[in-house]
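Bear in mind the structure is a predicted one, so any value in this text is a computation, not a measurement.
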Amino acid sequence: MGRVALRLARTSAEAHLYMELRPCQACGESAFEPSSSIIEADGDLASRYSGACPSCGAAREFTFRLPDDIPLPSDDDPSFGDDRPSELLDAGEWLWLGDVLASDAPADPAGLAAPERRLARMDLLTAASALAEVLKFVPPDADAVPPQALWSERGRAVYAAEPGRFRRLRLEAVRDVYRDVAARFA
């Protein structure tokens, strides 16, 4: 029986998001403060994250293949990866993340202190980046995310609740609205 190929984590942010969305199997705790190291796995460079669950002490470990080129993070344009679709999170999980981040942000910066405006702006920019991740799953000759781009339970549930949200034009419109609203918080 062959080894399972490591999945690619295009950025550290993507790896950490994946780990956050995969709670401890023993107790369900999602908090996890792992130590990390770079290792060689099957001839590829990989990131290994390991540590104990803070609630029950169970050992947790995640190992991801590293890309050849790692994009540098930016405060003005948060990114989870290059132009390839994620191998870690499916299209529905990315849409769910965008929903969560955008729902926490106020629609108007009036009355907010500078730190609150910066946080709201970053949440909205990150929500826009999550929508950009969903769009990476839409094939160039298609107008919607295909069913095979939904492999997680959460992703399939988001899709089942409202499949029309996975259409290219709607995804682009929502992404652009998040970016436009974020600009008001600058």
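Interatomic distance, C56 SG to Q25 CD, rounded to the nearest 0.5 Å: 10.5 Å. Here D99 contributes atom CG and D104 contributes atom CG; the two are 11.0 Å apart, rounded to the nearest 0.5 Å. Separating the CG atom in D82 from the CD atom in E14 is a distance of 9.0 Å, to the nearest 0.5 Å. How far OH of Y178 is from CG of L101: 9.0 Å, rounded to the nearest 0.5 Å. Put simply, CD on E93 and CG on D90 are 4.5 Å apart, with the number rounded to the nearest 0.5 Å.
You'll find the side chain of S36 stays beyond 4.5 Å of the side chain of S47, heavy atoms only. Using a 4.5 Å cut-off on side-chain heavy atoms (C-beta onward), P139 and D141 make contact. Side-chain contact between R118 and M122: absent, with no pair of heavy atoms (C-beta onward) separated by less than 4.5 Å. S55 places none of its side-chain heavy atoms less than 4.5 Å from the side chain of C24. Contact of the P67 side chain with the L8 side chain is registered, since non-hydrogen atoms from C-beta on lie closer than 4.5 Å. Annotation: side chain of L21 is in contact with side chain of W96 (closest heavy-atom distance under 4.5 Å).
For the pair R48 (side chain) and E61 (backbone), a donor-acceptor distance under 3.5 Å is absent. A distance-only check finds a donor-acceptor pair linking the side chain of R156 to the backbone of W151 [under 3.5 Å]. Judged purely by atom type and a 3.5 angstrom limit, R165 has no side-chain atom pairing as donor or acceptor with the backbone of L95. Under the 3.5 Å distance criterion, the side-chain polar atoms of S129 are matched with a main-chain donor or acceptor of P78. Remark: side-chain polar atoms of R65 are paired, donor with acceptor, to backbone N or O of L6 under 3.5 angstrom.
Residue D108 places its CG atom among more than 12 non-hydrogen atoms of other residues, nucleotides or ligands, all under 6.0 Å distant. No more than 12 heavy atoms of other residues, nucleotides or ligands shown are found within 6.0 angstrom of CD on E33.
What you find for G92 and L150 is that their closest heavy atoms are N-CD2, 3.3 Å. Between L124 and A182 the shortest heavy-atom distance is CB-CB, 3.7 Å. E87 and R7 get closest at one heavy-atom pair: O-CD, 3.2 Å. In plain terms, the two heavy atoms of T63 and A46 that are nearest each other are CG2-CB, 3.9 Å. G98 approaches A130 most closely through the heavy-atom pair N-CB, 3.8 Å. Of all heavy-atom pairs between R84 and R10, the closest is O-NH1, 2.6 Å.
Checked against the 6.0 Å centroid threshold, F32 and Y49 do not count as a close aromatic pair. Taking the six-membered ring for Trp and the full ring otherwise, the centers of F80 and W94 sit less than 6.0 Å from each other.
Neither L66 nor F64 shares a network with the other; the hydrophobic side chains, linked directly or stepwise wherever heavy atoms of I, L, V, M, F, W or Y lie under 4.5 Å apart, form separate groups for each. Put simply, M19 and V100 are part of the same group of oily side chains (I, L, V, M, F, W, Y) that touch within less than 4.5 Å, one to the next. Residues L97 and L119 do not share a hydrophobic cluster, clusters being chains of Ile/Leu/Val/Met/Phe/Trp/Tyr side chains in contact below 4.5 Å. Under the 4.5 Å side-chain heavy-atom criterion for grouping Ile, Leu, Val, Met, Phe, Trp and Tyr, L17 is not connected to L125 through any hydrophobic cluster.
For the pair R60 and E29, the salt-bridge criterion is not met [side-chain N within less than 4.0 Å of a carboxylate O]. A salt bridge links D143 with R167: the closest approach of a Lys/Arg side-chain nitrogen to an acidic carboxylate oxygen falls below 4.0 angstrom. At a threshold of 4.0 Å, the pair E133-K136 counts as salt-bridged, since one of the basic side-chain nitrogens sits closer than that to a carboxylate oxygen.
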Please determine whether side chain to side chain contact (heavy atoms under 4.5 Å, CB included) holds for the pair R117 and R121, giving the CA-CA distance in whole Å, both sets of side-chain angles, and the decisive distance to 0.1 Å. CA-CA 6 Å; R117 282 195 315 275; R121 179 177 176 273; over 6 Å; no
Applying side chain to side chain contact (heavy atoms under 4.5 Å, CB included), run through F185 and L112 and close with a yes or a no. CA-CA 9 Å; F185 289 84; L112 296 178; 3.7 Å; yes
